[in-house]
Every structure is written in C-alpha cells, then in structure tokens.
Amino acid sequence: MAMAGSAVGLGNIWRFPYMVGEHGGAAFIIIYIACCLLVSLPIFFAESIIGKATRKDTFGALESLAPKSRKVGYVAILASFIILSFYSVVGGWSFDYLIRSCAGGFSGLGLDEAKTVFASMGGSPVESVSCMLVFLGLTAMIVGAGVDKGIGRFSKISIPVLFLMVVLIAIVSLRLPGAEKGVEYLVKPDFSKIDGPAVAAALGQSFFSLSLGVGTILTYSSYMQEDENILSAGGWTAFFDTVFALIAGFAIMPAVFAAGIEPAAGPSLVFETLPVIFSRMGVVLPVVFFLAILIAALSSSISMLEVVVAWLVDQKGMRRSHAVLAVFGAAALLGSACAVAPRVFSTCDFISSNVLMMIGALAFALIVGWKMPRERVLHYVRYRFVYMLIRYVAPVMIVAIAVTNLL
Ligand code: PHE
C-alpha cells in the first residue's frame, strides 16, 4: 500500500490524462503500458532488489553492492529532497483549495475568477509559504511516527479511501451531458501521433509516476519482510498506478469537455479549470476532489522524506525525530523559494525529473544487471527475460529518453 501510495500522486492526476489526450488516446495508453512492462517495471525490480538485498538506506545500499558507485546514492537522495520541496508547494495549494472549498468559496465561480484566485494565491508569499509549511508539517508528522505506525498506517487507510473518492468523481463526471467527448479524447486511438517524442514522454511519465530512480522504492523495499515477493509488489504497484491514472482521466476529462473548456495540464487544470467545473455540481464535490489531491500528494511526499530520513538515521546516526526535523527545516527553505519564485520551482522540477532521476535509474539498472552476481539477481526475479530487461533494455532506453528530453 505504501508503494502504491508513493506511485499514485500528482503525476497521475495532472499530467497523465492530458498526455493521453495529446498523444493519441488509446494508442498512447498502449505505448505507456508497453513502456511500463519493458522498461519501468524492470527498473522498479532492480531498485527493489538493491533495497531488499541490503536492507540499508540508499547510500548504504549502494556502498555495500558497488562501493565505487556509492556517490550515486547522494544523487538519488538529493533528487528526493528536491522533489519533496517543490511537491510540497503544490501540496500546500491543495490544502489551501481544500479549505476554500470547505468554506464554499468556489460556488458560482467563473473561469476568469478562478484564474484570479489562483494567481492571487501564488502571488501572496504569506499564503503559499504557510500552506506549503502545513503540507510539509503533515508529511513530517506521518514520517516521524515511524515506518509502520506512520507511513504504513497512513497508507493502509488513505489509499483505499483515495480510490473510492476518485471512482465517485468519475461516476459523476461520466454522467454529465456531453461527457462522451471527454471519453473520446481519452480513448480514440490515433497511431499517427506515436513518434519518438511521444514514446519518450510515455517513458518519462512512467518513471515519474512509479517514483523510480530517487531511492523511494529502494528504501521501502529495505523494509520488506523476507518472504515478500518483489515481482508481485512491483507488479501490483504498477497495476494500481496505471489503473488510478486511467480512472483519474475519466474523472477529469469528461467533466472538462462537458463544460466546453479546452483541456490543459499541470496547475491550470487542477487549480483553475476543475474548481470551476466541480463547483457547478454542488459544495461536496470540490471538497472530495481537493481532499483526494491532498491525500495523493501526501502519500507520495512521505516516501520522498523517508529516503532522506533513512539516510540520516543509518549513515549519520541521527535519531529519527531529529532527522525528520532537520529535513523539514531544509525542505521548508527550498520549498519557500519554490513557492515564491516560479523559476526556482521549474528548475527544481526539470533537474530532478530529467537529470537526477535518470542518473539514479541508470545506476540502479547497471548495478543489478552488471555488478550483482547473476544467481543472486535470479533468486529475486526468477525469470531470465526479466534479468535481460534489467541488463540490456532498461539502460539503453534510459539513455535514449535522457538524450531526447535534453535535446
Ligand atoms: N510518483 C509520484 C507521482 O506520480 C511522484 C514521485 C516521484 C514520488 C518520485 C516519489 C518519488 O506524483
């Protein structure tokens, strides 16, 4: 559940539905699933093996398996920290919008007014920084409560609730008059739109969505029971993540088209278009929607914080509570910079997802594919073709998308 929670996040809600529509509907979904199966899932297994085989934090795990590459551990930990910082800004916005929707602040809202509300929130440093701090504080409280009592317990309750909420919104959305156009946008296959950049987009999205390359899967796997199976944990996580992204698409796009608004991605979809649409459907739906976003974001942010905390506890001998406080303080600083300066925000996003994440994922695949003894890897993955995917296909594809995305 915790792995599924890490995977299911803002990536599923604000990027996936739009990407599907823009890159050829069902044709893109097929490519996305193929990328997951052939590249992302093998990397997931590699990262998971490193965690489970060593039972250490990201740095310690690499140090014991491939001492010369141990510094990549820092890259992954840094990536987790940077993602945590800018992700908390968006988490803070969701918190802000949840409070506004509870107070009925969205009733009768027009699109232009929604844009003004969003701009004024972003333009008010006090509001965006304090909401970011609330979100980061909630993340720290859950992680501070411990792996089982905090992260485990939160995930076991929140993830099923999150699924129910999104299914509920999808049902309402699909019943609106004019919803068919949104369904068509998502499913109508257009293979002519599948080109190199579309495949790179699918792969990049599946990396981010499965939280790969930054040590979250590694750290969570280091807490697995001995008899837990890596293949099924990874398979279920990828399955949940993809199903959730699809349901989110059916919750969002039919409503967008029914309202006659052009679909968008990112902040403008979630914080401008959707409040307008959902507020036309009563006071409850906006509350459910922003609560869902908040939970989805929290279940991901706790996994990023845990990567850094595990490193401080294991390598620096810090007490868990002190480590949580230290990372909270540092992330609050970078998060504040992201909250007030859009350029800092987008630079953090770009560097972590296009550079650091790729370096981490490549290192994990190479260490498991080329450094670890073959028999040891086969003990975990069982099938030779999975080993081959980790050894050959994953590294080649990571280099290919890194080059495509950076050019
Ligand atoms: N998978 C999360 C999402 O889809 C983001 C994330 C990235 C979480 C990296 C943890 C680590 O939003």
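Every heavy atom of this structure was used, including side-chain atoms; hydrogens, water molecules and symmetry mates were not. We count ligands from 1, going down the list as the structure has it; atoms in each ligand are counted the same way.
- Atoms of ligand 1 found under 4.0 Å from any heavy atom of V214, numbered from 1 in the order shown, are 9 (C), 11 (C).
- Among all non-hydrogen protein atoms, the one lying nearest atom 12 (O) of ligand 1 is Y87 OH, 2.6 Å.
- With respect to E262 and K181, no salt bridge is recorded, no charged nitrogen being found less than 4.0 Å from a carboxylate O.
- In this structure, the protein non-hydrogen atom closest to atom 7 (C) of ligand 1 is F208 O, 3.7 Å.
- By the 3.5 Å distance cut-off applied to N or O atoms, M357 is not counted among the residues near ligand 1.
- Looking at E47, its side chain does come within 3.5 Å of a backbone N or O of I217 through a donor-acceptor pair.
- Heavy-atom proximity to G11, at under 4.0 Å, picks out these atoms of ligand 1: 3 (C), 4 (O), 12 (O).
- Closest heavy-atom contact between F106 and P286: CD1-CB, 4.4 Å.
- Side chain of S155 to backbone of G5: no donor-acceptor contact under 3.5 angstrom is found.
- For ligand 1, the atoms closer than 4.0 angstrom to any heavy atom of N12 are 4 (O).
- Polar contact check, S303 against ligand 1: no nitrogen or oxygen pair lies under 3.5 Å apart.
- Under 4.0 Å is where a charged nitrogen must lie from a carboxylate oxygen, and between E306 and R320 at least one such pair does.
- Of all protein heavy atoms, the one closest to atom 8 (C) of ligand 1 is S211 OG, 3.3 Å.
- Ionic pairing of E226 and R55 is present here: one or more N-O contacts between side-chain nitrogen and carboxylate oxygen are shorter than 4.0 angstrom.
- Numbered from 1 in the order shown, with element, the atoms of ligand 1 that lie under 4.0 Å from a heavy atom of A7 read 1 (N), 2 (C), 3 (C), 4 (O).
- Among the atoms of S6, some N or O lies under 3.5 angstrom from an N or O of ligand 1.
- Centroid-to-centroid, the aromatic rings of F16 and Y32 come within less than 6.0 Å.
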